[in-house]
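Read the structure below first, then the notes.
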Amino acid sequence: VMPYIVFVTVFVKPEHVEDFIQATSHNHHGSIAEPGCHRFDVIRGTSTATDSVEFYLYEVYRDEDAFKEHQKTDHYYTWKQTVETFMSAPRRSVKGTTLLPEPFLTSHV
């Protein structure tokens with residue numbers, strides 16, 4: 001089974017940074033308690049833009065089904081509803097599967 005990766009970029013209004021961090025902390029702790037979630041990193045960007053602060057969520061799940069289960073949890077739903085008004089632009093996500101490091105590589109091209 002190939003791990004399923006979700007990389008989310010969130011643009012937060014400066015006046016809501018602390019609120020976003022608090023809401024995301026709750027989501028982080030709930031997520032890492034899920035059996036199918038292997039990793040849930042929250043990263044604050046270093047951009048000097050004044051209109052928003054960038055945050056990145058790096059999430060690793062056992063597989064796509066584990067990610068879909070994550071999206072059904074109360075902590076995810078609460079986070080999604082809570083941070084909606086904190087954002088200066090819609091969040092963006094990229095999804096994929098891990099090729100490297102080697103243990104996840106299933107075939108050599």
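Positions are given from 1, in the same order as the sequence printed here.
Closest approach of A66 to E34, counting heavy atoms only: O-OE1, 4.5 Å. Across every non-hydrogen atom of S93 and V8, the tightest pair is CB-CG2, 4.0 Å. Residues M2 and T97 share a closest heavy-atom pair of CE-OG1, 4.0 Å. Listed here is the closest heavy atom pair of R62 and H38: CA-NE2, 3.3 Å. Between A23 and T82, the shortest heavy-atom contact is CB-CG2, 4.0 Å. Contact between V60 and P3 at its shortest, heavy atoms only, is CG1-CB, 4.0 Å.
V6 is listed as a side-chain neighbour of F67, based on a closest heavy-atom distance under 4.5 Å. Side-chain atoms of T73 and E69, non-hydrogen and from C-beta on, never get closer than 4.5 Å to each other. With a 4.5 Å cut-off on side-chain heavy atoms, E59 and I5 do not count as touching. With a 4.5 Å cut-off on side-chain heavy atoms, F55 and V17 count as touching.
Between the CG atom of L57 and the CG atom of N27 there is a distance of 7.5 Å, given to the nearest 0.5 Å. Within the model, atoms CZ of R39 and CD1 of I32 stand 11.0 Å from one another, a figure rounded to the nearest 0.5 Å. Taken from OG in S31 to NE2 in H75, the straight-line distance is 3.5 Å, to the nearest 0.5 Å. Distance check, rounded to the nearest 0.5 Å: OG1 of T24 to CH2 of W79 gives 6.0 Å. In this structure, the separation between CZ on F11 and OG on S47 is 9.0 Å, given to the nearest 0.5 Å. Here the OH atom belonging to Y76 is positioned 5.0 Å from the CD atom belonging to Q71, to the nearest 0.5 angstrom.
With hydrophobic clusters built from ILVMFWY side chains whose heavy atoms lie under 4.5 angstrom apart, V42 shares a cluster with V10.
Q81 CD: more than 12 foreign heavy atoms inside a 6.0 Å radius.
Listed by chain and number, the hydrophobic cluster partners of Y77 come to none, as no ILVMFWY side chain reaches under 4.5 Å of it.
With hydrogens and angles disregarded, no donor-acceptor distance shorter than 3.5 Å links the side chain of K13 to the backbone of V53. With S25 contributing its side chain and I21 its backbone, the two residues share no donor-acceptor pair below 3.5 Å.
Under the 3.5 Å distance criterion, with hydrogens and angles disregarded, no donor-acceptor pair is assigned to the side chains of K80 and T78. Of the N and O atoms on the side chains of Y61 and H70, at least one donor lies less than 3.5 Å from an acceptor on the other residue.
Between F86 and H16, the ring planes are parallel. Angles under 30° get that label, and only those over 60° would be called perpendicular.
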